[in-house]
Amino acid sequence: MAPTRIIIDTDPGQDDAVAILLALASPEQLTVEAITTVGGNTGIANTTRNAAAILELAGRADIPLYQGCDDPLVRAPIRGEHVHGESGLDGAELPSPKKQAEAQHAVDFLIEKLRAEPAGSLTLVTLGPMTNLATALRRAPDIASRIARVVSMIGACFEGGNITPNAEFNAYVDPDAAAIVFEAGIPMVVLPLDVTHQVLTTPSRLARLRGIGTKVADCVAGMLGFSGRFDLTKYGWDGAPLHDPCTVVWLLRSDLFTGREVNVAVETQSPLCVGETVVDYWRVTGRPANALYMRHVDAEGFFALLEERLARLP
C-alpha cells in the first residue's frame, strides 16, 4: 500500500517532538507533506522554531514548515510552559535551526493544499489546539469533504482533565475551534487522555531509549525526562504519560488500540466545564457518532514500535 500522506499541525512540546520524529522515521507508511504550527504549549514564535529544530535534528529540513495562528479563535491564550519549560522543548540540546517557515500562513496553506489535492488523499494529524483547522474550515467550508480523516490527541472522558478537573489541554485552550472541527462532518480518530495515560515513560523505558545510542534517541530521552517531572509529581505514577505520539502510533499500528464510534461534543459555554469533551461512550443521547474514540492501548507494543523507529534516525 502507498504511504498515508499526512500534514502535522503542532505546538511542540516534547511529546509533539516525539510524534513528529516517529512519523519521519516511518517513510514506508507515512509521507509527511508539511508541518503547520499553532500557539499552544508556548507562543507561535517558539512552536515554529521548535518545529524547525526537530526537522533539522532528523535531517529533514526539506519538509515545508508553515506558521499558523498564535491565539485561540475568541479567547485569551493559555500556555503550557509550566510543563514544557520556557522553550517548550527543555531537556535536550537541539540544533539552532537555520530553517525558516514559508511565507504563506498555515491556514492559507491548508485551504490551498486541500483544494489542490484529490479529495480524501490527505490526513491531518493535530497535536495541539485546533485553531488552524477551525479557521480554515470557517473560511473554506468546502475543504471538510476533502480531508480523509483527522487524527487528534485531544479530550478525555474517564480520566478527567489535565488542565482543569474535566478538560484536556488542547481542547481547553481553544474549545470553540475544537467544537467547529467535531461538528464539521470530517471522519475523526481521537486519542484522548483515556489512552495516553496508559502510555507511561517509566525509568526502564527511558533507559531503553537512551540505550539506542543515537543523537535523536538521546534528545528524546532528555526531553521526556524533563517534561515528565511535572507529571510524576502530579500523578504519582511510575512514569509520565506520552500523549501526542499516540496519534502517529495509531496510524502505524491501529491494532494496538481499541475503542468505539461515539459522539463527541465540546463544551464552550459553562465556566465550570469549558473545554470538556462530552463523550457519549454508552450511546445514551441518540446523537450520531462523529469520532472513533480510543479507550485502550497495548503500551508494551507502543514502546517497542517507538524504540524500533527512533533507532532509524541519526
Side-chain angles (χ1 to χ4, degrees), residues 1-10 15-36 51 54-55 58-66 109-127 133 136 142-154 181 184-192 195-196 199 212 216 242-262 289-314:
M1 293 179 61
T4 300
R5 300 171 64 201
I6 66 173
I7 296 170
I8 300 177
D9 189 63
T10 179
D15 53 334
D16 303 66
V18 179
I20 295 167
L21 291 167
L22 183 57
L24 297 175
S26 307
E28 74 278 20
Q29 291 178 268
L30 300 175
T31 299
V32 181
E33 298 277 329
I35 304 287
T36 57
I54 294 160
L55 291 172
R60 293 303 311 273
D62 58 298
I63 293 176
L65 173 65
Y66 297 87
F109 162 73
L110 288 173
I111 294 170
E112 182 179 293
K113 182 74 169 174
L114 287 164
R115 284 175 168 171
E117 298 290 342
S121 62
L122 290 171
T123 292
L124 271 58
V125 181
T126 67
L127 308 180
L133 179 53
D142 59 287
I143 65 173
S145 63
R146 308 192 66 80
I147 300 170
R149 64 166 59 98
V150 175
V151 182
S152 296
M153 191 280 114
I154 195 168
V181 175
I186 306 166
M188 294 191 65
V189 180
V190 176
L191 288 303
V195 160
T196 69
V199 182
I212 294 172
V216 168
L242 188 52
H243 304 289
D244 291 326
C246 287
T247 57
V248 177
V249 173
W250 185 87
L251 285 165
L252 299 174
R253 288 282 309 276
S254 62
D255 60 296
L256 294 175
F257 299 84
T258 57
R260 64 167 65 180
E261 298 278 355
V262 301
N290 61 357
L292 177 58
Y293 188 91
M294 294 297 117
R295 177 81 187 275
H296 300 288
V297 59
D298 175 354
E300 284 302 320
F302 177 105
F303 276 98
L305 178 65
L306 179 62
E307 291 172 44
E308 184 265 319
R309 296 301 164 94
L310 287 181
R312 299 177 174 186
L313 297 173

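Just so you know, residue 1 is the first one in the sequence shown, and it goes up from there.
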Problem - Pairwise distance CG(L22) to CD(E308) - rounded to 0.5 angstrom - result: 9.5 Å
Completion exercise
For L242 and C246 the tightest heavy-atom approach is O-SG, 3.7 Å
Handout entry: Spatial distance of atom CD1 (I7) from atom OG1 (T126) [nearest 0.5 Å]
Key = 12.0 Å
Exercise for the section: Taking the side chain as every heavy atom from C-beta outward, state whether L30 and L251 have any pair of such atoms under 4.5 Å apart. Expected result: yes
Problem - Heavy-atom check, side chain of I54 versus side chain of D16, under 4.5 Å - result: no
Exercise for the section: Drop me the distance from E28's CD to L252's CG, to the nearest 0.5 angstrom. Expected result: 8.0 Å
Practice task
Going by the side chain to side chain contact (heavy atoms under 4.5 Å, CB included) test, name the single residue among I20, I63, L55 that passes it with V32.
Solution key: I63
Problem - Non-hydrogen atoms of P27 and P3 that approach each other most closely - result: O-CG, 3.6 Å
Exercise for the section: Apply the test side chain to side chain donor-acceptor pair (under 3.5 Å) to residues T36 and D9: give CA-CA distance (whole Å), side-chain angles for both, the deciding distance (0.1 Å), then the verdict. Expected result: CA-CA 5 Å; T36 57; D9 189 63; 2.6 Å; yes
Handout entry: Considering all heavy atoms, the nearest S152-T247 contact
Key = C-CG2, 3.7 Å
Problem - Side-chain heavy atoms of V195 within contact of W250, under 4.5 Å - result: no
Handout entry: Minimum heavy-atom distance between A19 and L127, given as atom pair plus value
Key = CB-CD1, 3.8 Å
Exercise for the section: Decide side chain to side chain contact (heavy atoms under 4.5 Å, CB included) for V190 and V262; before the verdict, give the C-alpha distance in whole Å, the side-chain angles of both, and the deciding distance to 0.1 Å. Expected result: CA-CA 10 Å; V190 176; V262 301; over 6 Å; no
Handout entry: Nearest-0.5 Å distance that lies between atom CG in L292 and atom CE in M188
Key = 11.0 Å
Problem - 4.5 Å side-chain heavy-atom contact, F257 and V249 - result: yes
Problem - Side-chain touch R309/S26, heavy atoms, less than 4.5 angstrom - result: yes
Fill in the blank from the handout: A51 and I35 have their tightest heavy-atom pair at CB-CG2, 4.1 Å
Exercise for the section: Identify the two heavy atoms, one from A136 and one from L110, that lie closest to each other, and give their separation to 0.1 Å. Expected result: CB-CB, 4.4 Å
Practice task
Please round to the nearest 0.5 Å and tell me the distance separating atom CD1 of I143 and atom CD of E117.
Solution key: 13.5 Å
Problem - Full working for salt bridge (charged side-chain N to carboxylate O under 4.0 Å, His left out) between E112 and R146 - result: CA-CA 11 Å; E112 182 179 293; R146 308 192 66 80; over 6 Å; no
Exercise for the section: Kindly compute the distance separating CZ (R5) from CG (L122), expressed to the nearest 0.5 Å. Expected result: 4.5 Å
Exercise for the section: Answer whether the closest heavy-atom distance between the side chains of L306 and P245 falls below 4.5 Å. Expected result: no
Exercise for the section: Check whether any side-chain heavy atom of T4 lies under 4.5 Å from a side-chain heavy atom of Q29, and answer yes or no. Expected result: no
